[in-house]
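Taking it in order: structure first as structure tokens, then the write-up.
From a predicted model like this one, the values you see are computed outputs, not experimental measurements. Computed from heavy atoms alone, side chains included, the values below leave out hydrogens, waters and symmetry copies.
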Amino acid sequence: MRTLVTGAAGFIGSHVADLLVENGHEVVAVDALLPQVHGAAAPEWAHRHRPVVGDVRDLDLLAELLRGVDAVCHQAAMVGHGLDPADAPRYAGHNDLGTATLLAAMHGAGVRRLVLASSMVVYGEGRYHCAQHQVVRPSERRPADLAAGRYEPRCPRCADPLASGLVPEDAPLEPRSTYAATKLAQEHLAGAWARQTGGEVWALRYHNVYGPRMPRDTPYAGVASIFRSALAAGRPPQVLEDGRQRRDFVAVGDVARANLLALHSDPPEPFVAVNVCSGEPHTVGELARELATATGGPGPVVVGGGRAADVRHVVADPARAARLLGFTARTSFADGVAEFAAAPLRAPATSGDRPQ
């Protein structure tokens, strides 16, 4: 299969490209290779697939790259929380205009299979259960609550404590940041394209991906990389809130395998979203402690507080991916963290845009 991989020099995209080649795909790689992303030079692994340096918003370039292509793995995106409203045009430009341009080019080239890198951020908060009112959507946490150390969401109807549960793909979608809003828009654009053209889309909602080649020393990185960067500098990881936030940390090798499976699986509907997760939830504090132990660095420090766009618990239901894709994560938390603790990270970026 001849497959176009966007963002092929980045963290997740490079692992996807490597695995596709190992499994007999001919990869056409494209990446903007922005200096803010890759530091002073492109990373070593970027050269393996001879990526074309280009922007997915360039319709003429995409038309050329899509000749003879059977499917697309769309990994390119600007990531991060997007806390500053001034960043919104860049997020919308890279993520939404970029996706719309890619879809238009795919339509022109007659390419009908898309694997889209989506994200768990489209859910906002996870799924919560109230003893009295069953499944409820909690009220948004206020800055005053975070400052006072009141981190757990409560039932909006009775104010009782809530229990977090597994988030299925049919949960309400309620993005809480600019980045999250653009990821949901990507899904909507891809879904509309599939229904209009007869195309097929798998939207892979990645949960907290970690592993080799993560960028370091940048606020746009995931929490695992932020902790690794601190430990590499001899500093203790700083854990927000009380460290008991629950997440699903999934190894990047498993994420790449989910992409491979999606390329070779027919979705039962034109657009299908699936959680890509480990099925093994852990707290942010546990991640910090495991990394500190594995690197021999100082133990984490819980600093309290919190960010407005952060959510408390997001724990994924892995059942649909197992049923429809045959995907089950193979890397345990212990093994994945041990590998990540010793793995190379990407050279520091300066600032600004950071596609995956």
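Within the structure, ring-ring contact (aromatic ring centres under 6.0 Å, His included) contacts touching residues 244-296 (residues at least two apart or in different chains) are H25-H264, H282-F333.
Remark: side-chain polar atoms of R50 are not paired, donor with acceptor, to backbone N or O of A29 under 3.5 angstrom. Looking at D160, its side chain never comes within 3.5 Å of a backbone N or O of C130 through a donor-acceptor pair. A donor-acceptor pair is defined here as one N or O able to donate and one able to accept, closer than 3.5 Å; no such pair exists between the side chain of D70 and the backbone of T3. Judged by distance alone, the side chain of N275 and the main-chain N or O of C277 form no donor-acceptor pair under 3.5 Å. At distances below 3.5 Å, at least one donor-acceptor pair connects side-chain atoms of D31 with backbone N or O atoms of A9. Within the 3.5 Å criterion, the main-chain N or O of G243 finds a donor-acceptor partner in the side chain of Q245. Side chain of R2 to backbone of V28: no donor-acceptor contact under 3.5 angstrom is found. Between the side chain of Y128 and the backbone N or O of Q134 there is no donor-acceptor pair closer than 3.5 Å. Without hydrogens or angle criteria, W202 side chain to V272 main chain gives no donor-acceptor distance under 3.5 Å. Put simply, the side chain of S225 never gets that close to the backbone of G222: no donor and acceptor are under 3.5 Å apart.
Transitive grouping of hydrophobic side chains (ILVMFWY, heavy atoms separated by less than 4.5 Å) keeps V53 and V56 in distinct clusters. When hydrophobic clusters are built by joining Ile, Leu, Val, Met, Phe, Trp and Tyr residues whose side-chain heavy atoms come closer than 4.5 Å, directly or via intermediates, L62 is not grouped with V27. Linking ILVMFWY side-chain heavy atoms closer than 4.5 Å, directly or via other members, places L4 and V201 in a single hydrophobic cluster. Side-chain heavy atoms closer than 4.5 Å link hydrophobic residues (I, L, V, M, F, W, Y) into clusters, and following such links, even through other members, never connects M78 to L102. Grouping the Ile, Leu, Val, Met, Phe, Trp and Tyr side chains by contacts below 4.5 angstrom, directly or via other members, places Y206 with L325.
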Could you give me the CA-CA distance, side-chain angles and deciding distance for L204 and V274, then say whether side-chain contact (heavy atoms from CB on, under 4.5 Å) is met?
CA-CA 5 Å; L204 305 184; V274 296; 3.5 Å; yes

Would L261 and R257 count as a side-chain contact (heavy atoms from CB on, under 4.5 Å) if you check the C-alpha gap in whole Å, the side-chain angles of each, and the deciding distance to 0.1 Å?
CA-CA 6 Å; L261 290 169; R257 188 164 52 83; 4.2 Å; yes

I would like to know whether V209 and I12 meet side-chain contact (heavy atoms from CB on, under 4.5 Å); could you show each step before the answer?
CA-CA 8 Å; V209 187; I12 297 175; 4.1 Å; yes

Please evaluate residues Q186 and T99 with respect to the criterion side-chain hydrogen bond (donor to acceptor under 3.5 Å, both in side chains), reporting the C-alpha separation (whole Å), side-chain torsions for both, the decisive distance (0.1 Å), and the verdict.
CA-CA 6 Å; Q186 283 184 306; T99 298; 2.7 Å; yes

side-chain hydrogen bond (donor to acceptor under 3.5 Å, both in side chains) between T182 and D96, intermediate numbers included
CA-CA 6 Å; T182 63; D96 300 335; 4.7 Å; no

Please report the C-alpha distance between R154 and E152 in whole Å, then the side-chain angles of each, then the deciding distance to 0.1 Å, and finally whether the salt bridge (Lys or Arg N to Asp or Glu O under 4.0 Å) criterion is met.
CA-CA 6 Å; R154 291 183 171 268; E152 294 291 346; over 6 Å; no

side-chain contact (heavy atoms from CB on, under 4.5 Å) between R213 and V252, worked out
CA-CA 9 Å; R213 306 178 188 171; V252 68; over 6 Å; no

Quick one: do D242 and R312 satisfy salt bridge (Lys or Arg N to Asp or Glu O under 4.0 Å)? Show the steps, please.
CA-CA 10 Å; D242 56 5; R312 181 61 174 173; 3.0 Å; yes

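Considering CZ of F340 and CG of D335, their distance stands at 15.0 Å, rounded to 0.5 Å. Here the CG-CG distance, from D55 to L61, works out to 8.5 Å after rounding to the nearest 0.5 Å. Separation of atoms CZ (R244) and CD (E286) is listed at 11.5 Å; rounding is to 0.5 Å. From L59, atom CG reaches atom OG1 of T101 across 6.5 Å, with rounding to the nearest 0.5 Å. Distance CG/L324 to OG/S265: 9.0 Å, rounded to 0.5 Å. Note that the CG atom of N23 and the CG atom of D18 stand 11.0 Å from one another [nearest 0.5 Å].
Legend: residues meeting salt bridge (charged side-chain N to carboxylate O under 4.0 Å, His left out) with R150, ordered by chain and number and at least two apart, are D145. Remark: R289 pairs with no residue by the salt bridge (charged side-chain N to carboxylate O under 4.0 Å, His left out) rule, at least two apart or across chains. With sequence neighbours excluded, the residues forming a side chain to side chain contact (heavy atoms under 4.5 Å, CB included) with V315 are L166, R246, P281, listed by chain and number. The side chain to side chain contact (heavy atoms under 4.5 Å, CB included) test applied to S119 returns V121, Y179, K183, not counting sequence neighbours.
For the pair P270 and R195, the tightest heavy-atom approach, listed with the atom from each and the gap, is CB-CG, 4.3 Å. When all heavy atoms are compared, the tightest approach of G304 to Y151 is CA-OH, 3.4 Å. Contact detail for P175 and A181: the closest heavy-atom pair is CB-N, 3.5 Å. The shortest non-hydrogen separation linking R228 to A342 is NH1-N, 4.3 Å. Scanning all heavy atoms of the two residues, the minimum distance from F227 to P237 falls at CD2-CB, 3.5 Å. Closest approach of G126 to R137, counting heavy atoms only: O-NH1, 3.5 Å.
Residues V72 and M106 form a side-chain contact, since some pair of their non-hydrogen atoms from C-beta on lies under 4.5 Å apart. The closest side-chain heavy-atom distance from Q196 to H107 is not below 4.5 Å. Within the 4.5 Å cutoff, no side-chain heavy atoms of E280 are placed close to those of D248. Using a 4.5 Å cut-off on side-chain heavy atoms (C-beta onward), P267 and R113 make contact. Put simply, the side chain of V122 reaches to within 4.5 Å of the side chain of L173, judged on heavy atoms. Residues V255 and Y210 fail the side-chain proximity criterion, which asks for heavy atoms closer than 4.5 Å. Using a 4.5 Å heavy-atom cutoff, the side chains of V314 and H207 are in contact. For the pair L20 and L263, the minimum side-chain heavy-atom distance is below 4.5 Å.
R142 has no carboxylate O lying under 4.0 Å from a charged side-chain N of E140, or vice versa, which leaves the two without a salt bridge.
If you chain together ILVMFWY residues whose side-chain heavy atoms come under 4.5 Å of each other, L240 ends up grouped with V301, V303.
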